[in-house]
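Structure first, commentary second.
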Amino acid sequence: MPSHNADIAAIFEKIADLLEIEGANPFRIRAYRNAARIIGELSVEAYALMEKEEDLTGIPGIGRDLSAKIKEIVTTNRCSLLDRLRTELPPAVTELLKVPGLGPKRVRHLYHDLDVQTVEQLYCAARDGRIRALPGFGEKTELNILQAVEAHADQVSRFKLAVAAQYAEALRSYLVAAPGVMKVTVAGSYRRMRETVGDLDIVITAAEPRPVMQYFISYDEVAEILAAGGTRASVILTCGLQVDLRVVAEESYGAALHYFTGSKSHNIAVRYIAQKRGLKINEYGVYRDGARIAGESEESVYRAVGLSYIPPELRENRGEIVLARAKRLPQLVELGDLRGDLHAHTKATDGHNTLREMALAAKRHGWEYLAITDHSRQLAVARGLDPLRLARQCEEIDALNEELEGIILLKGIEVDILEDGSLDLPDHVLAKLDLVVGAVHSKFELSRARQTERILRAMQHPNFTILAHPGGRLIQQRPPCDIDMARVIREAGRRGCFLELNAQPERLDLLDTYCQMAREEGVLVSVNSDAHSTFDFDNLRFGIGQARRGWLEKKNILNTRSLGELQILINRTMERPARLRHRDEQNNHDSLAPRAR
DNA sequence: GCCGTTTTCGGCCCGACTGTTTTCAGTCG
């Protein structure tokens, strides 16, 4: 089996770590880190490109040398440079870099002078007082290392976006009441809507920074103060989340916000462009010959370097800068563009609300339609529906549609895709529904070939509409299934099927890179809540965040369509409630007629 | 190690805070 992109990325990261400890050229190290990121995010496998004899040096950041190393890794599962580095340094020392306060220089000293190779050995050396004697170290540093290792043991590395949001929003409402505060914005990966957040970066404008800093570190939930200077402070909250806060003057708000939103890679690229134009960008503004020319808003920062405004979700240095220069950035979808939701559950299976409650909640969100898609019988733990119970639910939906104004319920099912790719309900049952959402809920560990075939076969069913949570992963709990997603997306395009972007905070599945692929293949994505209660509709904001990270526009999203347009796209003869049929006839909506697939 | 709207060689983002120094290196974001 050839190496996957994730394997290649891990090798490049390891090489970068080891080179850094060796004291190699920092730009060479950066090249490996860049390459690790780029390969890790690539939406197509490097080995697949090689099979097609495509030139890997066409990938930005991959030159002749790295291209050769990728080929070496793919064909031999080894990398001779890494093998050589391993003979010079024990690979475990790279673990020491993860200890806060330890960088490559200190790790090198610890290894060469004290033969410290592991975190355990580091802890013993600190406890025995051997570290303070090293040049450049002192008693305080030794104590910090001791505490960092102790804290490291039970540290949660990243927080799911929705969890971080709870802490961020509470802290934000505390901070807006700080003395003299004008603006408070949570920046960083939170603002970029990454699926997980490592820490919170908060930018504040205020005339006087010091009272704000004092107010911040007095927050009830602050467990530990890591640093607190005049304009910048870092704390750890009781939940374990680190918060970095920066206070700047009003005139620097845009520059500071840009800087603290990142990503790091995006910022480096933008500053490089500035440098080429004889400008300097820092968190206070954009400068020419020491004179401020921009920085009060992010728009002004981008304008100063000849770029159009880049929304935070795009700032990953994945090609957005080239498009911003050409003024061809996508017009990203917004939460308000949604006209309905195509995946929701009720009390009939594992949901918590009745049909009526879900319908009324959807109406309150201002939507035209809501698809009811309870589980099918195979999912016994959720009391999945058999044909009889499903038929009863359909009757209830018909009755509600006749009664309720301003919202239409669609009759659907979240049907299990069985191991062989068949669907969990008979064809004649599925044929009666408005839409069929297919999902894998078992046998996650099948081989890539079998898992891919399973899904392709399911999509070939004439009534199949949407593939739910395509990757099957649960963030930080379950890895994604091994699936050839490129093939699945192409097949969806051929069959006229759609892919779901499931907005549940623990799923956020389709991944952003696959959203980009779907967009390129012309496959529409349905951003669905998978609501199990009326509260879950609010999760759609995270789904829309992920869609925006995947460069999706309103036109790329299935459920931004009106009911009439949706009906054409999903190609079902929906039995419309009598009052709507009457209106249709009056308006002579020819375009609503279903089209043959 | 990559890259080119000055360049195939000589560049490669920038500043705050801490601790160990006694003017700055290391780390972090």
Side-chain angles (χ1 to χ4, degrees), chain A residues 12 15-16 19-21 23-38 56-70 81 96-110 131-145 148 187-189 197-203 209 213 225-235 242-248 252 255-256 258-287 295 301 305-306 317 322 325-326:
Chain A
F12 285 170
I15 288 174
L19 285 174
E20 201 164 26
I21 296 170
N25 177 350
F27 299 106
R28 186 179 172 211
I29 296 161
R30 185 195 287 172
Y32 278 102
R33 294 215 190 279
N34 272 339
R37 183 183 59 84
I38 290 160
L56 298 179
T57 63
I59 304 168
I62 305 298
R64 263 177 44 198
D65 183 277
L66 286 173
S67 163
K69 286 197 170 65
I70 293 170
L81 172 62
L96 298 176
L97 290 172
K98 292 182 188 155
V99 178
L102 289 190
K105 304 264 169 47
R106 285 179 174 158
V107 168
R108 186 159 73 239
H109 269 300
L110 288 164
I131 288 177
R132 68 183 74 178
L134 295 178
F137 291 76
E139 264 183 66
K140 188 77 206 315
T141 305
E142 188 178 70
L143 184 65
N144 285 344
I145 289 172
S189 50
V197 170
D199 59 15
L200 296 178
D201 299 286
I202 300 182
V203 177
M213 303 304 278
I225 299 168
L226 298 175
T231 63
R232 187 170 194 161
S234 294
V235 304
Q242 181 170 329
V243 183
D244 300 320
L245 177 130
R246 183 65 179 268
V247 184
V248 295
S252 295
H258 178 255
Y259 172 53
F260 285 99
T261 297
S263 66
K264 185 174 181 159
S265 173
H266 172 89
N267 285 355
I268 289 174
V270 172
R271 287 184 179 194
Y272 183 66
I273 293 171
Q275 204 185 37
K276 291 284 167 201
R277 297 179 152 229
L279 303 173
K280 186 176 80 167
I281 300 184
N282 58 28
E283 53 262 59
Y284 301 108
V286 184
Y287 297 84
V301 173
V305 294
N317 200 18
V322 175
R325 187 184 276 145

Quick check: closest heavy atoms across [X] and [Y], and the distance to 0.1 Å?
X: A:Val305; Y: A:Ala274; value: CG1-CB, 3.7 Å
X: A:Ala148; Y: A:Val99; value: CB-CG1, 3.9 Å
X: A:Leu245; Y: A:Met213; value: CD2-SD, 3.6 Å

**Item:** salt bridge (charged side-chain N to carboxylate O under 4.0 Å, His left out) partners of residues 267-278 of chain A, not counting sequence neighbours, each pair once
**Value:**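 Those involving residues 267-278 of chain A do not exist here.
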**Item:** Residues in side chain to side chain contact (heavy atoms under 4.5 Å, CB included) contact with A:Asp244, at least two apart in sequence or another chain
**Value:** A:Asp199, A:Asp201, A:Ser234, A:Gln242
**Item:** Qualifying residues under side-chain hydrogen bond (donor to acceptor under 3.5 Å, both in side chains), relative to A:Tyr32, sequence neighbours excluded
**Value:**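 So A:Tyr32 forms a side-chain hydrogen bond (donor to acceptor under 3.5 Å, both in side chains) with A:Lys69.
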If the [atom1] atom of [N] is compared with that of [M], how far apart are they to the nearest Å?
N: B:dT22; M: B:dC13; atom1: P; value: 31 Å
N: B:dT21; M: B:dG26; atom1: C1'; value: 12 Å
N: B:dT20; M: B:dC24; atom1: C1'; value: 9 Å
N: B:dC2; M: B:dT8; atom1: C1'; value: 12 Å
N: B:dG1; M: B:dT6; atom1: C1'; value: 22 Å
N: B:dC17; M: B:dT23; atom1: C1'; value: 16 Å
N: B:dG11; M: B:dT7; atom1: P; value: 14 Å

**Asked** More 5' along DNA chain B: A:His109 or A:Ile268, using each one's nearest nucleotide?
**Response**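 Its nearest nucleotide being more 5', the pick is A:Ile268.
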Distance-only criterion, 3.5 Å: show the donor-acceptor pairs between side-chain atoms of residues 131-140 of chain A and protein atoms not counting sequence neighbours.
residue, atom, partner, partner atom, Å
A:Arg132, NE, A:Glu142, OE1, 2.9
A:Arg132, NH2, A:Glu142, OE1, 2.9

**Request:** Indicate yes or no: does A:Glu20 engage A:Arg28 in a salt bridge with an N to O separation below 4.0 Å.
**Result:** no
**Presence of A:Gln275 side-chain N/O under 4.0 Å of B:dG11 phosphate oxygens OP1/OP2** = no
**Message:** Within the 4.0 Å limit for protein heavy atoms, which parts of nucleotides 1-7 of chain B are touched? Write it as a string from 5' to 3', B for base, S for sugar-phosphate only, - for none.
**Reply:** BSS---B
**Request:** Quick one, give me the B/S/- string for nucleotides 15-24 of chain B, reading 5' to 3', where B means a protein heavy atom under 4.0 Å from the base and S means that only happens at the primed atoms, P, OP1 or OP2.
**Result:** BSSSSS----
Provide, to the nearest angstrom, the distance between the [atom1] atom belonging to [X] and the [atom2] atom belonging to [N].
X: A:Asn267; N: B:dC12; atom1: CG; atom2: C1'; answer: 16 Å
X: A:Arg108; N: B:dG26; atom1: CZ; atom2: C1'; answer: 12 Å
X: A:Leu97; N: B:dG29; atom1: CG; atom2: P; answer: 13 Å

**Complete:** So CD1 of A:Ile70 and CD1 of A:Ile62: to nearest 0.5 Å the spacing works out to 4.0 Å
**Asked** Partner of B:dT8 by Watson-Crick or G-U wobble geometry, both contacts under 3.5 Å, or none?
**Response** none
